[in-house]
Amino acid sequence: MQVRIVKTLKTSLPLLNAMVVFEAAARHGGLTLAAQELNIAQSAVSRHVANLERQLSVELFTRKGNRVAVTGAGNTLAEAIREGLGTIRQAVEDLTAHDSDTFVVGCSHDFAQAWLMPRFDLITSRVAGDRVLLQTSTDYRDFDQPEVALSIRFGEAGQWPEFVADKLLDGEWFPVCAPAFLARYPGLASEDPEAFLAVPLLHQVTPPGAIDSWQSWIGTERKLDGPRFTSYMSMIHETIAGRGAALAWAGFADEHLRRGQLVRLTKTSRRHAGSFHIVMRKNAGPVVRAVAQALLASVGDSLQASVGDS
């Protein structure tokens, strides 16, 4: 009779404790720091690594005196352990998140009001139990916390190397005003930047020399009159009310333009080196990825709607 031996996870994989200890040693490039991180003796780290090498019949570290270095095989195994344990950790977090509002979305207050809120159902329809918490802050470091599922940040590609960043919107802006305001100042449609020197202007507070300011758009260094706003949305509300022309960010003004509350005054626009990105962890779970994809797809949908309305 032929006996068929079936390998299970328990029989085919090394002990989990040994893999965790080895991953820490490989990440730190030595045994001492791994022992400190795991709060165990250095001899215990050495023993776990040796047992793992013996079980796998593979050299994971090269040893020269008191110094060790990770081998190519060791790097391959360490990366696989990190990826596997990261997936397990994310699954556990997803499964145990039902008792509290753990799906945290982070962005600035202005971005939330101008762009995210009209699309908020794209998030709530994909997160079970209505567990969504919107966190607003101008300090993006607040969104590095583990409880934040995804965030929307302005910056340049590669600025957040510990995360995955997908570009959502270009950092693009152009002048806008209310239709009644344009009727009073028809010269604004001339594409001449200096035409804005003759009309009331609304300003968002920007750092000195900022490229997204009226001074930069017009090409002047002189101080320009007009009220200043720390809140983008407050400025836009005044613009809709017909009390001045403002510089609007692409994506932020789409709904107001579609409804006819604002009109775009120039065909040209200016572009910042930075863009708006959806930022999430590299081991983000399927729900987080589904929300991110829905938000990204909504940008294309709104562009198609604008073309259809034109």
Side-chain angles (χ1 to χ4, degrees), residues 86-155 160 162-172 231-237 240 248-259 261-262 274-309:
T87 301
I88 294 171
R89 180 177 59 188
Q90 184 62 53
V92 170
E93 290 176 355
D94 289 344
L95 290 171
T96 57
H98 61 276
D99 290 332
S100 61
D101 294 333
T102 54
F103 196 95
V104 181
V105 179
C107 64
S108 71
H109 177 77
D110 280 338
F111 190 92
Q113 296 301 312
W115 191 89
L116 185 60
M117 294 315 300
R119 300 166 172 80
F120 205 61
D121 65 309
L122 296 177
I123 302 174
T124 56
S125 64
R126 288 165 173 79
V127 179
D130 296 328
R131 296 182 288 103
V132 180
L133 175 64
L134 177 61
Q135 176 183 341
T136 61
S137 175
T138 56
D139 187 347
Y140 290 155
R141 290 174 297 183
D142 293 338
F143 305 147
D144 292 342
Q145 301 306 312
E147 65 269 17
V148 178
L150 62 81
S151 59
I152 302 173
R153 317 184 191 190
F154 184 82
W160 309 283
E162 297 179 2
F163 297 85
V164 174
D166 293 322
K167 188 171 80 168
L168 181 68
L169 296 168
D170 287 321
E172 184 179 353
S231 165
Y232 172 87
M233 286 306 298
S234 297
M235 178 187 69
I236 290 299
H237 287 316
I240 293 172
W249 286 80
F252 284 31
D254 289 352
E255 189 68 12
H256 302 302
L257 293 169
R258 188 182 67 80
R259 292 180 179 180
Q261 297 170 313
L262 294 175
S275 304
F276 293 93
H277 295 80
I278 292 182
V279 179
M280 56 188 170
R281 283 178 167 70
K282 295 178 179 178
N283 63 343
V287 175
V288 177
R289 293 183 181 277
V291 169
Q293 286 303 314
L295 294 175
L296 289 165
S298 74
V299 175
D301 293 340
S302 59
L303 286 175
Q304 290 179 6
S306 297
V307 171
D309 292 340

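Nearest heavy atom pair, residue Arg141 against residue Gln145, reads O-NE2, 4.0 Å. Here the closest non-hydrogen pair linking Ala248 and Ile236 is CB-CD1, 4.3 Å. Across every non-hydrogen atom of Gln135 and Val148, the tightest pair is OE1-CG2, 4.0 Å. Closest approach of Ala114 and Tyr232 over heavy atoms only: CB-CE2, 4.3 Å. The minimum heavy-atom distance linking Asp121 with Pro118 is given by the pair OD1-O, 4.0 Å. Minimum interatomic distance between Arg289 and Arg281 (heavy atoms only, all atoms of both residues): NH2-O, 4.4 Å.
A centroid separation of less than 6.0 Å is found between the aromatic rings of Phe154 and Trp249. You'll find the ring centres of Phe252 and Phe276 inside the 6.0 Å limit.
By the 4.5 Å heavy-atom criterion applied to side chains, Leu295 and Val291 are counted as neighbours. Side-chain contact between Trp115 and Asp254 is absent, with no heavy-atom pair separated by less than 4.5 Å. Side-chain atoms of Tyr140 and Val279, non-hydrogen and from C-beta on, never get closer than 4.5 Å to each other. Phe143 places none of its side-chain heavy atoms less than 4.5 Å from the side chain of Val104. A heavy-atom distance below 4.5 Å is not found between the side chains of Thr138 and Asp110.
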Apply the test side-chain contact (heavy atoms from CB on, under 4.5 Å) to residues Ser275 and Leu168: give CA-CA distance (whole Å), side-chain angles for both, the deciding distance (0.1 Å), then the verdict.
-> CA-CA 7 Å; Ser275 304; Leu168 181 68; over 6 Å; no

Given side-chain contact (heavy atoms from CB on, under 4.5 Å), test Met280 with Asp166 step by step and report yes or no.
-> CA-CA 9 Å; Met280 56 188 170; Asp166 293 322; 3.9 Å; yes

Check step by step if side-chain contact (heavy atoms from CB on, under 4.5 Å) holds for Leu134 and Ile123.
-> CA-CA 10 Å; Leu134 177 61; Ile123 302 174; over 6 Å; no

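The distance from the CE atom of Met117 to the CD atom of Glu255 is 13.5 Å, given to the nearest 0.5 Å. Arg153 CZ to Cys107 SG: the interatomic distance, rounded to the nearest 0.5 Å, is 11.5 Å. Thr124 OG1 to Arg119 CZ: the interatomic distance, rounded to the nearest 0.5 Å, is 14.0 Å. In this structure, the separation between OG1 on Thr136 and CD1 on Ile152 is 12.5 Å, given to the nearest 0.5 Å. Considering CD of Glu147 and CG of Leu133, their distance stands at 9.0 Å, rounded to 0.5 Å.
For His256, the side-chain hydrogen bond (donor to acceptor under 3.5 Å, both in side chains) partners at least two apart in sequence or on another chain are Gln261.
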